[in-house]
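Just so it is clear: chains get the letters A, B, ... in the order the sequence lines come, proteins before strands, and each one is counted from 1.
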There are 2 protein chains.
Amino acid sequence: MKAKITLKDIARELEVSISTVSKALKNSEEISRDTKEKVQAFAKLYNYKPNNIAISLKNKRTKNIGVVIPDIVHHFFTTVIRGIEKYANARGYNVIVCLSEESFDKEVINMEMLANGSIDGFIMSLSSQTQEKGDYNHLKEVTEQGIPVVLFDRITHEVDCDKVIIDDELGAYQATKKFIDQGKKKIALITTDDYLSVSKARTKGYWKALEESELDADQSMILKMPSMEMDEEAIKTFLGNKEPDAVLCVNEIFAVCGMRFVQKKGLRIPEDIAFIGFTDGVLSKYANPSLTVVAQHGEKMGEESARMLIEKVESEAEEETYQTKILEPTLVIRDSIAH
Amino acid sequence: MKAKITLKDIARELEVSISTVSKALKNSEEISRDTKEKVQAFAKLYNYKPNNIAISLKNKRTKNIGVVIPDIVHHFFTTVIRGIEKYANARGYNVIVCLSEESFDKEVINMEMLANGSIDGFIMSLSSQTQEKGDYNHLKEVTEQGIPVVLFDRITHEVDCDKVIIDDELGAYQATKKFIDQGKKKIALITTDDYLSVSKARTKGYWKALEESELDADQSMILKMPSMEMDEEAIKTFLGNKEPDAVLCVNEIFAVCGMRFVQKKGLRIPEDIAFIGFTDGVLSKYANPSLTVVAQHGEKMGEESARMLIEKVESEAEEETYQTKILEPTLVIRDSIAH
DNA sequence: TGTCAACACGAAACCGTTTTCGTTGAATAT
DNA sequence: ATATTCAACGAAAACGGTTTCGTGTTGACA
């Protein structure tokens with residue numbers, strides 16, 4: 001086992017000072033050609049690499065980004081991470097991933113763990129419990145310490161920081177409009193509780209499209225699932241009772257379950273009943289029939305978040321200006337609607 | 001913006017030395033009750049938290065784990081990460097995730113980035129390119145430096161380190177056996193190229209089950225997809241020509257595609273043709289019909305990997321004994337086979 | 001009154017860098 | 001011969017902790 005070599009080791013071996021070694025390795029003008037060559041050759045030979053921790057301590061920059069998200073076994077979040085990773089890595093940053101598992105406490109603990117020097121900034125999507133509670137003190141504390149934060153997707157307006165979202169309202173609006181344009185009359189919505197910022201926005205878009213049309217918007221055509229957990233029975237009962245001819249779902253899973261149920265009942269998709277979901281994941285692509293979805297462009301979102309964060313991290317100026325970037329959703333047309 | 005407070009700040013305010021503050025906060029016996037209370041109260045008031053970087057530098061432990069995997073938008077890997085996260089977090093470790101994107105170079109770069117002090121150990125699954133190349137020097141270098149490594153799923157026996165795998169051969173064997181027991185005669189296998197350690201093992205298990213039976217094992221009943229990319233046409237042609245009555249697939253996607261194709265041809269699943277896939281992901285669960293799979297227990301694998309790594313990290317002893325933990329796969333029976 | 005623990009605390013080294021600010025010795029200018 | 005400049009390097013502080021090893025004060029005891 002050959003241990004890591006340090007500046008001190010090189011200095012000792014070459015009988016020069018540590019500062020000389022450090023400067024020589026940075027090709028400083030201060031050092032003579034001879035010495036530089038000698039030092040650099042030696043460093044190369046022994047595969048010297050500076051210790052990141054020491055450097056971090058010195059210049060108070062870790063080149064680490066903390067990402068705190070509710071869940072990772074979820075297509076949307078993984079694509080966001082990939083986007084973050086991609087951008088961050090290209091800029092020499094590492095990504096530390098922490099999972100809140102939809103729990104407020106875990107979110108707080110994770111942030112505290114990272115906020116003490118481990119990272120230069122946070123990229124986060126709020127846990128459902130946090131959004132339900134409406135308690136954002138852990139975020140405020142961090143921003144007050146001067147640590148930059150970027151919120152994506154599940155955000156709150158109560159914290160001053162950069163934000164990246166897609167226009168969920170618009171996405172739902174366009175999807176609903178699509179149904180209306182195709183002559184659908186009884187359009188249902190399957191969503192989750194309103195405290196999730198995204199669900200709220202999507203419901204709004206759905207509602208808006210209906211109100212703009214001749215169709216009467218009907219509260220009873222909305223099914224609110226109490227949690228993110230799947231409750232297949234609830235969906236079956238709802239679809240069985242309401243008999244809609246089009247269903248908008250706030251995620252893939254609700255949609256695929258719905259499709260499976262109506263198919264078993266003998267209905268044809270999309271002729272008798274059409275489906276649109278949110279999230280362009282693997283499920284939509286390989287569902288039978290394939291599912292039309294409002295794509296959220298997670299990877300783009302991740303890249304954008306990383307870009308905004310790193311910009312803040314690297315800017316010396318302490319401007320207190322924050323922006324909210326709104327990405328446009330796009331409808332990915334597949335076989336679950338007519339086309 | 002209130003900046004982070006340091007020991008030095010506390011020492012100055014309270015007119016004691018830094019060492020006293022440090023000891024007081026650790027409740028050292030050396031310090032008087034009075035002083036301890038004073039210091040602790042002050043620290044609490046100003047919300048003092050020690051700087052992780054400084055501590056890392058001092059005791060040469062970062063409490064960070066580096067995870068390098070080929071891909072994250074893949075159900076199996078995300079479950080593994082979740083398992084790692086869970087265990088590591090409970091032990092006070094953070095997880096730094098790096099993606100090799102199946103590229104050898106990226107794998108090397110990522111490891112180099114992390115190996116200079118950023119992490120205490122690695123948990124990895126090899127990129128396909130690395131397995132294809134068979135070049136494991138980057139791994140060897142790291143282990144020679146005394147940095148513990150745990151390899152999972154996509155491993156190599158050329159590196160001395162702990163390993164966690166599932167018994168892929170057994171999984172494929174059991175699945176194939178299941179087909180045979182159910183009276184299937186023409187059992188096909190859809191896999192990827194052999195350089196992937198897991199595909200190789202699965203092919204072996206498939207082969208073994210066939211050889212043990214009366215059925216003649218036939219090379220032409222194996223479709224090797226050139227890459228991890230989906231080539232729907234290849235699957236269609238293969239299934240169209242060979243007309244198997246059972247298909248084992250090394251992942252979910254191949255299986256779901258296959259199912260969709262044969263359904264369009266009017267075949268009934270599982271009566272006319274049965275399917276079993278690998279990976280108990282979201283796709284299998286919500287496919288129509290739902291897909292029977294060999295579950296890989298990713299979360300367990302992640303936990304196990306983290307456990308082994310942290311044990312090595314925290315053990316002072318430099319025992320050079322490595323173990324390979326083999327997890328048992330389980331068949332999750334769903335509607336794509338008779339039952 | 002002198003000695004010795006025990007107590008409570010501080011000085012300083014250390015982890016591995018970077019960086020500022022000397023300090024040499026030699027070459028050049030005066 | 002003296003002053004000035006410059007090249008080439010080293011000492012030391014700093015980042016924020018931990019830890020070892022003093023050291024000064026106190027009280028008890030002989």
Side-chain angles (χ1 to χ4, degrees), chain A residues 3-40 42-43 46-64 92 113-120 145-147, chain B residues 3-40 42-43 46-64 114-120 145-147:
Chain A
K4 289 250 93 173
I5 191 175
T6 71
L7 287 187
K8 195 196 261 185
D9 300 327
I10 303 182
R12 187 175 1 87
E13 292 303 312
L14 263 38
E15 295 183 311
V16 291
S17 77
I18 295 179
S19 8
T20 302
V21 177
S22 175
K23 290 169 192 165
L25 290 175
K26 314 208 96 144
N27 243 319
S28 159
E29 291 302 323
E30 256 182 282
I31 307 297
S32 70
R33 280 180 68 87
D34 276 9
T35 313
K36 278 199 279 195
E37 280 171 10
K38 201 173 58 176
V39 171
Q40 287 170 6
F42 190 93
Y46 287 92
N47 192 31
Y48 169 79
K49 294 276 166 54
N51 181 312
N52 290 333
I53 300 292
I55 293 179
S56 293
L57 182 59
K58 188 88 240 281
N59 43 229
K60 294 161 158 256
R61 285 277 171 78
T62 61
K63 288 247 165 190
N64 285 159
M113 245 180 116
L114 296 178
N116 302 113
S118 300
I119 49 103
D120 294 339
Q145 278 173 30
I147 303 178
Chain B
K4 289 249 92 173
I5 190 175
T6 71
L7 286 187
K8 196 196 260 185
D9 299 327
I10 303 183
R12 186 175 2 88
E13 292 303 312
L14 263 38
E15 296 182 308
V16 292
S17 77
I18 295 180
S19 8
T20 303
V21 177
S22 176
K23 288 169 192 163
L25 290 175
K26 313 207 98 147
N27 243 319
S28 159
E29 291 301 323
E30 253 182 282
I31 307 298
S32 69
R33 277 180 72 85
D34 275 9
T35 313
K36 277 199 280 196
E37 280 171 10
K38 201 172 56 177
V39 171
Q40 288 171 5
F42 190 93
Y46 287 91
N47 193 29
Y48 169 79
K49 295 276 166 52
N51 180 312
N52 290 331
I53 300 291
I55 294 179
S56 294
L57 182 59
K58 184 86 238 273
N59 40 230
K60 292 159 161 262
R61 284 276 171 80
T62 62
K63 287 245 164 190
N64 285 158
L114 295 178
N116 302 114
S118 300
I119 51 102
D120 295 340
Q145 278 173 31
I147 303 179

S.K.: Can you check whether B/Thr62 reaches A/Ile53 side chain to side chain, under 4.5 Å on heavy atoms?
M.R.: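 Sidechains of A/Ile53 and B/Thr62: in contact.
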
S.K.: Under a 3.5 Å distance rule, please check whether A/Lys8 uses its side chain to pair with a backbone N or O of A/Ile18 as donor and acceptor.
M.R.: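 Such a contact is absent between A/Lys8 side chain and A/Ile18 backbone.
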
S.K.: Is there side-chain contact between B/Asn27 and B/Gln40, with at least one heavy-atom pair below 4.5 Å?
M.R.: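 Yes, their side chains come closer than 4.5 Å.
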
S.K.: Report for the helix from C/dT1-D/dA30 to C/dT30-D/dA1: angle between first-end and last-end helix axes, five pairs each, rounded to 10 degrees.
M.R.: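 Both end axes considered, the difference amounts to 90°.
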
S.K.: For nucleotides 14-27 of chain D, just jot down a letter per nucleotide in 5' to 3' order: B, S or -, based on protein non-hydrogen atoms under 4.0 Å.
M.R.: BBBBBBBB------

S.K.: Assign A/Ser56 to base, sugar-phosphate, or nothing according to its heavy-atom contacts below 4.0 angstrom with the strands shown.
M.R.: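 Since no nucleic acid heavy atom lies under 4.0 Å of A/Ser56, the category is nothing.
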
S.K.: Verify, without hydrogens or angle tests, whether A/Gln145 (side chain) and B/Lys4 (backbone) share a donor-acceptor contact under 3.5 angstrom.
M.R.: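 Not confirmed, A/Gln145 side chain does not pair with B/Lys4 backbone.
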
S.K.: Does B/Ile147 reach the side chain of B/Ile119, with side-chain heavy atoms less than 4.5 Å apart?
M.R.: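 In short, these two side chains touch, coming nearer than 4.5 Å.
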
S.K.: So do the side chains of B/Leu25 and B/Leu7 get within less than 4.5 Å of each other, counting heavy atoms only?
M.R.: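 B/Leu25 vs B/Leu7: side chains touch.
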
S.K.: I'd like to check A/Val21 versus A/Val16 (side-chain heavy atoms, cut-off strictly below 4.5 Å). Are they in contact?
M.R.: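 Side-chain contact under 4.5 Å: yes.
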
S.K.: Looking at every heavy atom in both B/Pro50 and A/Asn116, which two are closest together, and how far apart are they?
M.R.: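 Between these two residues, the closest heavy atoms are O-CB, 3.6 Å.
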
S.K.: Strictly distance-based, threshold 3.5 Å: is any side-chain N or O of B/Ser56 a donor or acceptor partner for the main-chain N or O of B/Asn52?
M.R.: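 Side chain of B/Ser56 to backbone of B/Asn52, a donor-acceptor pair under 3.5 Å: yes, one is there.
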
S.K.: Run A/Asp9 and A/Tyr46 through side chain to side chain contact (heavy atoms under 4.5 Å, CB included) and show every step you take.
M.R.: CA-CA 10 Å; A/Asp9 300 327; A/Tyr46 287 92; over 6 Å; no

S.K.: Going 5' to 3' along DNA chain C, which nucleotides are the first and last within contact of chain A (any atom under 4.0 Å from a heavy atom)?
M.R.: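 The contacted stretch runs from C/dC15 to C/dC21.
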
